[in-house]
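Notes follow the structure.
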Amino acid sequence: MTKFPYLKQDFLASIVVFLVAVPLCVGVAVASGVPAELGLITGIVGGLVTGMMRGSSLQVSGPAAGLTVLVFEAVSRFGVATLGVIVLLAGLLQLAMGFLGIGRWFRAISVSVVEGMLCGIGLVIIAGQIYAAAGLKAPETGLGKIAGLPGMFADTLGSTEALTSLAIGAGTIAVIVFWTKTPKAVRTVPGALAAVLLATAATLAFGLPVATVQVEGLLGVVQPPGAEAFGELADPAIWGTIIAFALIASAESLFSAAAVDRLHNGPRTEYNKEMIAQGAGNTLCGLLGALPMTAVIVRSSANVNAGARTKASRVLHGVWLLLFAAAMPWALALIPVPALAGILVHAGWKLIPFRQIATLWRAHKGEALILIVTAVSIVAVNMFEGVLIGLALSIVKTAWEASHIKLDIIDKGAGPIQAYLSGNATFLRLPKILDSLESLPQDRPVELDLSGLHHLDHACRTALENWAARHSATGTEPVKVTEPEEAPEKVTVA
């Protein structure tokens, strides 16, 4: 027992994580447009393979709601058979980034972009899964899903089957929300699992006309990518999807790791090793034709809260998933699809960072704007391009703030006018600098003091030289320039 001093705690935690993971694995797979068993396979790999590797000791990996939109787009465009190739190459890319030490750089990504990504994903998931809850087909685009909701509800009112299906989905959400108000002993069963069990029981007891999960068997869905699937790599568009899978899955996993580290006092995450672990898991998932994996904050927080002490808990949860998928596949066929849709609507709602948006708006309106634009871009265009737009805005904002400059003009009425520049003089603030200098009287000598500058780029230096030459050309005394201390060379003025 001394070899496994925390076996009891890890064993009990693994049961809790397993119960949380089952409905999420199945729900994410169905929402992604692939067989339910593929979600379980990814959960099994996340437990048995990624769970064994070093990186973040208590973080749990599996199929994530955050990638549902991207996976659905990829499956719709390239087909289920090609999904394995995409996941395989994304995993290899993650391995390369991990071995090259790029993992820790993901910590430098703007939090506003990440929160905006999660917000946009959440909105698209909610809109799309409302259609699934009613048993109706959702429009393909994010904007189409949201714009079509009024018409969808109108269609639902005219169909008893659609109303029944939507009621099952709404009931599932209600159970999850109010489950936290139940006695502590009852809450030992995770809310999502309780909601699925109750929805399944109601469907069977009353013979409700709702769709249930289609089951093909664990071995039946394993589809290693073949030559035809690899042939899709000739399409340049698929490479954008591969890069999106790798970058977004990595960002979500490593940000989740940072969040999990705040929940416990155990060993801290080794980011590059965690990237390698995620890459190894996704490489194997790709070879099996399964869904991509990320670290999942819902399962990870459940693991920590259940008292897990080592990575044994997440490995054991993978064992339980494997036993369930192998021994009880018939249980999946009983689950109503609208119940899974309800779980994902709730998961999508949890992805929207309402508090963070309010806090950012009060303290950092620029960051809040980046968050909102990223979310709207994901809804309006797609996830990958939306994130790129958010990153571009973040870089522009940082560059703009880094180029902060102050110009003080002192005019005593007689003698030279003194102009003091301090801060960072870059081309971004050049119009402001020149407007102020060119407004100075042409018939007065000027002393330009640049000693307060931390940085003076080539564009600004050239522009200041040209301004000094023009100002001196009118017969006024040549402009006297005091150089920044870090730039010993003198500005040549006329």
Side-chain angles (χ1 to χ4, degrees), residues 108-116 356-357 359-377 385-494:
I109 296 176
S110 167
V111 175
S112 298
V113 174
V114 176
E115 297 285 6
Q356 289 87 333
I357 293 173
T359 302
L360 281 176
W361 187 257
R362 286 193 297 268
H364 306 283
K365 286 184 170 57
E367 293 293 330
L369 185 63
I370 291 172
L371 189 157
I372 293 168
V373 169
T374 302
V376 171
S377 299
E385 292 179 17
V387 170
L388 290 180
I389 290 170
L391 286 173
L393 275 179
S394 180
I395 292 169
V396 169
K397 175 181 175 293
T398 301
W400 183 258
E401 289 178 345
S403 65
H404 177 74
I405 191 166
K406 183 179 181 183
L407 176 61
D408 293 313
I409 305 293
I410 299 176
D411 184 358
K412 299 179 179 178
I417 297 172
Q418 297 172 322
Y420 295 91
L421 272 173
S422 58
N424 297 293
T426 71
F427 69 94
L428 292 171
R429 298 299 175 100
L430 193 52
K432 175 184 176 181
I433 299 171
L434 291 178
D435 285 347
S436 299
L437 292 177
E438 288 172 353
S439 67
L440 298 177
Q442 288 288 328
D443 57 349
R444 298 276 301 282
V446 175
E447 294 179 354
L448 181 60
D449 189 342
L450 306 180
S451 60
L453 290 178
H454 304 301
H455 174 71
L456 176 63
D457 70 10
H458 179 72
C460 273
R461 177 176 289 279
T462 302
L464 290 175
E465 289 177 354
N466 292 336
W467 167 80
R470 291 195 304 273
H471 189 86
S472 305
T474 59
T476 311
E477 278 184 48
V479 176
K480 295 181 180 179
V481 179
T482 302
E483 285 286 331
E485 293 181 3
E486 65 272 22
E489 68 273 16
K490 296 296 180 181
V491 175
T492 303
V493 295

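- Residues Ile405 and Asn424 are not in side-chain contact: their nearest non-hydrogen atoms beyond the backbone lie 4.5 Å or more apart.
- Atom OG of residue Ser436 and atom CD1 of residue Ile409 lie 6.5 Å apart, to the nearest 0.5 angstrom.
- A search for side chain to side chain contact (heavy atoms under 4.5 Å, CB included) contacts involving Ile372 returns Val376, not counting sequence neighbours.
- Cys460 SG to Leu453 CG: the interatomic distance, rounded to the nearest 0.5 Å, is 8.5 Å.
- Applying the side-chain hydrogen bond (donor to acceptor under 3.5 Å, both in side chains) test to residues at least two apart or on different chains, the pairs with a partner in residues 407-421 are Asp411-Arg444.
- Between Ser377 and Gly386 the shortest heavy-atom distance is CB-CA, 3.7 Å.
- Leu437 CG to Leu440 CG: the interatomic distance, rounded to the nearest 0.5 Å, is 6.0 Å.
- The pair Glu465-Arg470 fails the salt-bridge criterion, with no side-chain N (NZ, NE, NH1 or NH2) lying under 4.0 Å from an Asp/Glu carboxylate O.
- Within the model, atoms CG of Leu448 and CD of Glu483 stand 9.0 Å from one another, a figure rounded to the nearest 0.5 Å.
- Residues that satisfy the side-chain hydrogen bond (donor to acceptor under 3.5 Å, both in side chains) test with Asp449, not counting sequence neighbours, are Ser451.
- Listed by first then second residue, pairs satisfying side-chain hydrogen bond (donor to acceptor under 3.5 Å, both in side chains) with a partner in residues 359-374 read Ser112-Glu367, Glu367-Lys397, not counting sequence neighbours.
- Leu421 contributes atom CG, which lies 8.5 Å from atom CG of Leu456 (distance to the nearest 0.5 angstrom).
- Test Val481, Leu430, Ile433 against Leu464 for side chain to side chain contact (heavy atoms under 4.5 Å, CB included) and you get one pass: Ile433.
- Partners of Leu369 by side chain to side chain contact (heavy atoms under 4.5 Å, CB included), not counting sequence neighbours, listed by chain and number: Val373.
- Partners of Glu385 according to the salt bridge (charged side-chain N to carboxylate O under 4.0 Å, His left out) rule, which considers only residues two or more places apart in sequence or in another chain, do not exist here.
- Atom CH2 of Trp467 is separated from atom OG1 of Thr462 by 15.0 Å, given to the nearest 0.5 angstrom.
- Here the closest heavy-atom approach between residue Pro441 and residue Ile417 is recorded as CD-CD1, 3.5 Å.
- Across every non-hydrogen atom of Pro478 and Ser472, the tightest pair is CA-OG, 3.3 Å.
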